[in-house]
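Notes follow the structure.
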Amino acid sequence: MKKNLFLLLLLLIPARIFWASWQYDVTYYSDAFEGGWTALGDVFRQDGFSSAVCEIPLGSLIGLSLMGENITLKVNDRPNCARHPDLIDVTKQVFLLFAPISRGKIPGGEITTLGILPEWYEKKTLDEATFSSLGILLDENIPNTFRADETLRFRGKVTNQAKFITVLLSGPENRHISFTDTIEADGTFSLILPWQPEPGKYSLALTTDQAGKISVPIWILDEEILDTLPIPAVGQKDSFPTFSLLSELLPLTRIAFGDDFYVLSIRQWETEIRSSGVGEVLLDVNSLTSGTASVSLVGYTHSTPFSLDVSGKYTLFEGKTITLVPQYPKLLPAGARIIATRSSGILRFTSPDTPRIEGDVYVTFPSGTIRRYSLPTEYVDSDGLIIPWKSVVFSFPIEGDGVYLVEISDTTGKAWMNTPLITGRDIYPVLPSPYYGVLPKKETSMENVRANQLALINTFRTTYHLSTLVEDSTLTRIAQEKADDMLANNYIWHTNSLGKTIGQTWESLTSTLIGENVAGGNQGDTILFEGLKLSGSHRYNLLSPEWKKVGIGYAIHDGNVYLVQIFGN
């Protein structure tokens with residue numbers, strides 16, 4: 001599927017339309033005009049979408065109807081109006097859409113005026129060979145026009161030994177943007193500019209570490225300019241592509257839509273996001289939240305891969321209600337499957353060849369509550385571990401539409417399986433992962449970490465109407481000893497360096513010491529807390545209603561962080 005974006009049709013408002021009172025003869029330019037100047041000052045190209053016609057203002061956008069087909073063109077030139085007032089000259093590319101070149105002239109063309117274009121705008125694609133003398137070949141159909149809020153992406157392949165490629169944009173009011181990226185081992189590159197330039201005409205240059213640079217013009221258009229480019233709706237389409245929101249790319253979401261142009265609107269309360277394009281378009285949903293939203297989707301067919309030439313409009317749905325949920329991380333062992341029926345979630349997997357998987361399944365329901373289920377005795381041994389090479393089938397109740405997080409841990413307390421199960425129609429995992437936007441700072445102060453963790457725990461519990469916890473000095477001492485032991489022996493699990501659990505180490509406190517969460521890595525303690533929230537067994541501890549107190553342990557060395565939470569009643 002092509003992913004090139006052309007967002008020139010977004011939110012188009014039809015201007016005043018009138019029909020010409022006579023018909024035109026349609027002919028085409030001679031090749032002798034290739035590269036010459038038009039009456040408007042554009043460089044003429046046979047592969048463009050321009051025309052020469054009398055009386056209509058230069059710079060106008062017109063619709064040409066001929067032989068049952070419609071095409072949209074720019075008027076940037078004049079024929080000999082004294083001799084041929086009813087003639088319209090078009091490029092060979094346009095003429096071939098209606099008839100072979102040998103036809104010469106086609107009578108019966110009708111023109112609709114659609115509005116005035118900026119005088120500097122010329123619609124076309126960038127030639128794949130534009131930068132070939134530098135050893136750079138562009139992908140086909142990369143546009144020369146982008147919306148101001150569109151992702152600027154340039155893709156292709158280098159034919160020399162270059163390792164780096166740079167894109168340079170020089171625009172109005174001395175604006176300059178540059179971005180360098182590494183070329184892949186197979187010679188391909190995909191440059192995505194991390195900034196959005198202001199609207200205007202720019203000079204685009206590509207260069208590598210092996211050659212000089214070549215520049216070509218491109219345009220960035222904003223809403224004010226787009227309003228001068230109206231496209232009338234013509235006809236309907238009976239069938240349409242499947243609408244799907246995919247989630248491979250964080251924090252943005254890709255919309256797969258085939259080769260038709262579309263306009264998409266998602267509205268949630270007072271927030272509205274609009275996007276449009278051909279193929280796959282990046283849609284930023286960071287301003288939306290979990291919950292319902294209204295979505296509208298309109299499609300347009302067009303006669304060429306990259307053009308304003310619309311041959312049909314079709315509304316897929318208007319004001320449809322969908323539910324947006326985060327893109328939760330997924331950990332599903334090889335061969336494992338999880339499906340949903342109307343009343344049950346069904347989990348199937350084969351246990352590993354060693355007895356290291358706990359026999360408890362933690363399910364987080366869409367409401368946020370967690371339930372712990374013990375697998376049937378036929379699957380577990382006397383220590384509560386799943387018997388090796390067992391084909392396990394487990395089901396849990398489905399109590400409404402939404403996302404169910406299913407987790408099974410190993411003997412160290414780490415998740416062996418932690419996967420989301422989405423039930424119900426029109427639920428889309430398009431929101432950013434809970435990790436997105438969390439500050440990665442690794443705090444060095446134990447006091448700051450303890451205060452931060454206590455606040456995070458209590459805020460989380462308050463969300464589910466649970467009592468807040470107070471920090472206990474004894475639990476904090478136990479938690480800190482565990483954190484120091486993890487740092488000294490470089491491990492992150494529930495048994496310490498002597499092979500004992502917290503309960504075994506502090507036998508005198510086993511009647512009250514009944515909960516432990518541990519986490520670690522090269523991220524800050526706030527991100528680690530987000531991970532604990534997404535783990536069923538750890539979330540079970542965080543939201544247990546029986547807790548009254550908590551202790552926090554923390555250690556950091558050489559960028560590695562060790563975090564311990566001990567809960568008691």
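The figures here come from the full heavy-atom set of this structure, side chains too, leaving out hydrogens, waters and symmetry mates. Given the structure is predicted, the values throughout are model-derived calculations rather than measurements.
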Task: Any donor-acceptor pair under 3.5 Å from E530 side chain to V438 backbone - done: no

- [ ] Using a strict 4.0 Å threshold on nitrogen-to-oxygen distance, state whether K157 and E184 make a salt bridge.
- [x] no

Open item on the list: Could you measure the distance from the OG atom of S391 to the OH atom of Y379? Nearest 0.5 Å is fine.
Closed with: 8.5 Å

- [ ] First locate atom OH of Y562, then atom CG of D525, and finally report the distance between them rounded to the nearest 0.5 Å.
- [x] 15.0 Å

Open item on the list: Quick test of your reading of the model: are E318 and K320 salt-bridged, counting only N-O distances below 4.0 Å?
Closed with: no

- [ ] Identify, with sequence neighbours excluded, every residue that meets ring-ring contact (aromatic ring centres under 6.0 Å, His included) alongside Y362.
- [x] Y540

- [ ] Find out whether the Lys NZ or Arg CZ of R371 is both under 6.0 angstrom from the six-membered ring centre of F365 and within 45° of the ring's axis.
- [x] yes

Open item on the list: Using a strict threshold of under 4.0 Å (side-chain N to carboxylate O), is an ion pair present between R372 and E358?
Closed with: no

- [ ] Over 60° means perpendicular and under 30° means parallel, so classify the ring planes of W493 and Y491, tilted if in between.
- [x] tilted

- [ ] Check the surroundings of atom NZ in K549: do more than 12 heavy atoms from other residues, nucleotides or ligands lie under 6.0 Å from it?
- [x] no

Task: Backbone of H538 reached by a side-chain donor or acceptor of N517 within 3.5 Å - done: yes

Open item on the list: Working to the nearest 0.5 angstrom, can you tell me the gap between L563 CG and Q453 CD?
Closed with: 4.5 Å

